[in-house]
Amino acid sequence: MGQSLANTVLALALGFIANLLVGKSPFPTVIVDDEVTVDFIVVGSGSAGSPVAARLSEVEEWQVLVLEAGGQPSPESAVPGISSFAALEGSAMNYNYRTTPQKYAQFSYTNNTTPYPSGKVIGGSSVINYMMYNRGNKFDFDRWAALGNPGWDYQTVLKYFKKLEDYGGQLTAENRPYHGTGGPLRVENKRWGSAVMTAFLAAGLELGHPTLDINAGSQMGFNTPDVTVKNGKRHTAADAFLRPNLQRPNLRLQSGSHVTKILFDDNLKATGVEYRQDNKTKRAYARKEVVVCAGAIDSPKLLLLSGIGPQQHLQGLGIKTLVDLPGVGENLQDHPTVFGISWSVPKGEASSVKRVLGPSSKLLYKHLRKGPLSAPLGVEGNAWMRLEEGGDPTVPDMQFLIISQALGFNFDLLLSSAISLKNKEYRGYLKALRGIEGFNIGPMLTVPKSRGSVTLRSSDPFDPPLIDPNFLSHPDDVELFLKGIKFALAIGNTTAMRDGIGAMFVAEPLPGCQTHPWGSDDYWRCFTRHMASTTYHPAGTCKMAPLTDPLGVVTSTLKVRGVNGLRVIDASIMPYITSANTNAPAIMIGERGADFIKEDHGIQINI
Ligand SMILES: Cc1cc2nc3c(=O)[nH]c(=O)nc-3n(C[C@H](O)[C@H](O)[C@H](O)COP(=O)(O)OP(=O)(O)OC[C@H]3O[C@@H](n4cnc5c(N)ncnc54)[C@H](O)[C@@H]3O)c2cc1C
Ligand SMILES: *[C@@H]1O[C@H](CO)[C@@H](O)[C@H](O)[C@H]1NC(C)=O
Ligand SMILES: *[C@@H]1O[C@H](CO)[C@@H](O)[C@H](O)[C@H]1NC(C)=O
Ligand SMILES: *[C@@H]1O[C@H](CO)[C@@H](O)[C@H](O)[C@H]1NC(C)=O
């Protein structure tokens, strides 16, 4: 059975179960006239687009139209314990992109490429992500401001993080000043964890690192993630910001509408967009602004298709250049991880799909919204460390994600096929791991030095773009991973892990690295180049920067350079990626961006 067919069958089964557990709750959508005029068009209803649309529509006299390429979220996406399958290749809620073949990394994966999931659905990637709610480091935002982007310093963005949040987690004297209540997005403590989670936090303490709420004062230590979950169900950006406001007469959401081009008048003012819906080409016009919130892959793609980007690239594809902006699609950053640092534990200590879907788990979830189905599958905790000597000790250079699943467990190699390991070469390796219950500690670079790009494959708007993360092209990234792997091994070798849950390192030599003595520095460097891959956090491809930076794409108020009436508001505007998962910052960027628009149009903001 082909991988995506298997995934389709799996999705049907999980959809059936999810329907029984949570039912369906579709978003109210509209079909507008083939030529419609509004004040603001928002392209994309994802993590950033949803708050942008919600906040703009607070101004009663502004007509806001959201055009979303995807459709309704599936029921299984709402159930945290099974929703990670929604991101698998073949899902209808996913653009199903892949990376280009990587020169310096991903050697273990099919054609040196891996799937690069991105949400194509109402709510965008917040519908298929792992729900971890991590804001990043104070330093990230202060650095954005210091680069010449006023209004993005930590003190300012903290106000927006508080405004967007309805915090339901544990509050203490220490973390209270950093959290908000009554905001649109529900954020909670994770409701369930396996024995691996408890042991992980104990391992941190054993190594001298505190357990903490990383969204408060300090980010340095170990934590179990807060999650975007409400009443035990995934709370997407669209659930938080669009659903409660779609009854407003001035806010409309049209799904299945794939924007193919931004339209401009002779003065280079964005006047609207062209889009495909139901096989028809339609147009929508904006009296005030077009706001592109299509994410860090599709926002640069749309600008390029519209003639905004590096002239040479556009010329080569026969696209007329409106503005020669060399930065569009450049500066792609992500948080690469090294997969396969795994331990086995005795059965029952880690996560298992079989147990998650067992009758007692279903009952617990259906009636109390508790238990393994209420938490993202396998996601147990993170450690945040600074491993490079020197530098600011309050800023991590490494994140360690622990998931209570080893490579070969669950549905016979599901994880390994999800990440697209080379089948033939890895058969023997995986055989040794098959059926093992365990956990994986994935070191992640919080701010890698390598930079990649997003470019067009062709001028056809429905062709997937070329996504080249260019992982490990900077040699420092490999050396930092080497330190990271050693720290991961130290976590697994604590008393808490070894004696507490019987963790045993899986020391099977990695195919392709057998020529190096097992466990030597060169072995781990080789391991890194083979197993490093994405954690699905594209950012930076429409960089915010002052005009002195030739690779900037948007101004500090997120206006696209060289044109009028056009902004980009999403994860693509980050000049440097944040030092943690990118969903919370993307939502904050949406909130922040909406206020810039309001201010520019003379609306009083209160923050
Ligand atoms: C599998 C996976 C797991 C992740 N796990 C986590 C996690 O646990 N924690 C975390 O913080 N982050 C996580 N992330 C990352 C996080 O979800 C994203 O960084 C964030 O959602 C990006 O927000 P955005 O608004 O920039 O883009 P998106 O949320 O992707 O929104 C873009 C929207 O625009 C729409 N769109 C695109 N092109 C067009 C077009 N041409 N016309 C109309 N509409 C269009 C898309 O369909 C989509 O709805 C994960 C991501 C993935 C894919
Ligand atoms: C790998 O490359 C081959 C040859 O170009 C191609 O046929 C195949 O579809 C590719 N597989 C993936 C998963 O990209
Ligand atoms: C759109 O058109 C193509 C052929 O041009 C056809 O295969 C497809 O079924 C059509 N889709 C819809 C939704 O009508
Ligand atoms: C694990 O820790 C013990 C001490 O607790 C040490 O003797 C041993 O060498 C360590 N093993 C590894 C692989 O680091």
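Whatever order the structure lists them in is the order used to number ligands and atoms, beginning at 1.
Of the N and O atoms on the side chains of Gln106 and Thr99, at least one donor lies less than 3.5 Å from an acceptor on the other residue. Under the 3.5 Å distance criterion, with hydrogens and angles disregarded, a donor-acceptor pair is assigned to the side chains of Ser572 and Asp570. Between the side chains of Tyr160 and Asp595, at least one donor N or O sits under 3.5 Å from an acceptor N or O. Residues Ser126 and Asn129 have side chains that never bring a donor and an acceptor to within less than 3.5 angstrom of each other. Under 3.5 Å, the side chains of Thr578 and Asp140 contain no donor-acceptor pair of N or O atoms. Side-chain contact check for Thr110 and Arg98: no donor-acceptor pair (N or O, by modelled atom type) lies under 3.5 Å.
Between Phe487 and Phe400, the angle of the ring planes lies from 30° to 60°, which puts this pair in the tilted group. The aromatic rings of Phe222 and Phe200 are tilted relative to each other, their planes meeting at an angle between 30° and 60°.
In Ala586, the part holding a heavy atom less than 4.0 Å from any atom of ligand 1 is the side chain. Residue-level proximity to ligand 1 for Cys293 is carried by the backbone, the only part with a heavy atom below 4.0 angstrom. Of all the heavy atoms of Tyr133, none lies under 4.0 Å from any atom of ligand 1, so neither backbone nor side chain is involved. At a 4.0 Å heavy-atom cut-off, ligand 1 touches Leu67 through the backbone alone. Here Lys301 has no heavy atoms under 4.0 Å from ligand 1, in either its backbone or its side chain. Of all the heavy atoms of Asn581, the ones lying under 4.0 Å from any atom of ligand 1 are found in both the backbone and the side chain. When non-hydrogen atoms are compared, ligand 1 lies under 4.0 Å from the backbone of Val121 (N, CA, C, O) but not from its side chain. With a 4.0 Å cut-off on non-hydrogen atoms, Ser84 does not touch ligand 1 at all.
Among the atoms of Asp570, none of the N or O lies under 3.5 angstrom from an N or O of ligand 1.
For atom 38 (N) of ligand 1, the candidate residues are Leu302, Asp334, Thr535, Asp298; the nearest heavy-atom contact is made by Asp298. Nearest to atom 51 (C) of ligand 1 by heavy-atom distance, out of Tyr97, Phe462, Tyr95, Tyr536, is Tyr536. Among Met574, Met132, His258, the residue whose heavy atom lies nearest to atom 7 (C) of ligand 1 is Met132. Compare Gly44, Gly124, Ala294, Ala296 by their heavy atoms: the one nearest to atom 32 (C) of ligand 1 is in Ala294. Comparing heavy-atom distances from atom 48 (C) of ligand 1 across Ala584, Gly119, Gly136, Ser125 singles out Gly119 as nearest.
Remark: side-chain polar atoms of Asn134 are not paired, donor with acceptor, to backbone N or O of Ala584 under 3.5 angstrom. Under a 3.5 Å cut-off, the side chain of Glu289 and the backbone N or O of Ile597 do not form any donor-acceptor pair. In this structure, the side chain of Glu76 does not engage the main chain of Phe85 through any donor-acceptor pair within 3.5 Å.
In this structure, the protein non-hydrogen atom closest to atom 5 (N) of ligand 1 is Tyr130 N, 3.0 Å. The protein non-hydrogen atom at the shortest distance from atom 44 (N) of ligand 1 is Ala69 N, 3.1 Å. For atom 11 (O) of ligand 1, the closest non-hydrogen atom of the protein is Asn583 N, 2.8 Å. Distance from atom 47 (O) of ligand 1 to its nearest protein heavy atom, with residue and atom name: Glu68 OE2, 2.6 Å.
Counting heavy atoms of neighbouring residues, nucleotides and ligands inside a 6.0 Å radius, atom CG of Asn493 exceeds 12 of them. Counting heavy-atom neighbours within 6.0 Å of Lys261 NZ, excluding the residue itself, gives a total of 12 or less.
Ligand 1 has at least one atom lying under 4.0 Å from a heavy atom of Ser257. The closest approach between a heavy atom of Ile128 and any atom of ligand 1 is below 4.0 Å. For the ligand labelled ligand 1, residue Val43 lies inside the 4.0 Å heavy-atom shell.
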(Q) Could you go through Lys301 and Asp463, starting from their C-alpha distance and side-chain angles, then the distance that decides it, and tell me whether this counts as salt bridge (Lys or Arg N to Asp or Glu O under 4.0 Å)? (A) CA-CA 10 Å; Lys301 182 183 168 192; Asp463 248 1; over 6 Å; no
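For the pair Lys543 and Glu330, the salt-bridge criterion is not met [side-chain N within less than 4.0 Å of a carboxylate O].
Within the listing of ligand 1, atoms 53 (C) sit less than 4.0 angstrom from a heavy atom of Pro117.
Aromatic rings from Phe141 and Trp152 are positioned such that their centres are separated by 6.0 Å or more.
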Pairs under 3.5 Å, nitrogen or oxygen of ligand 2 with protein nitrogen or oxygen:
| unit_1 | atom_1 | unit_2 | atom_2 | d |
| --- | --- | --- | --- | --- |
| ligand 2 | 2 (O) | Asn111 | OD1 | 3.3 |
| ligand 2 | 2 (O) | Asn111 | ND2 | 2.1 |
| ligand 2 | 11 (N) | Asn111 | ND2 | 3.1 |
| ligand 2 | 14 (O) | Asn111 | ND2 | 3.4 |

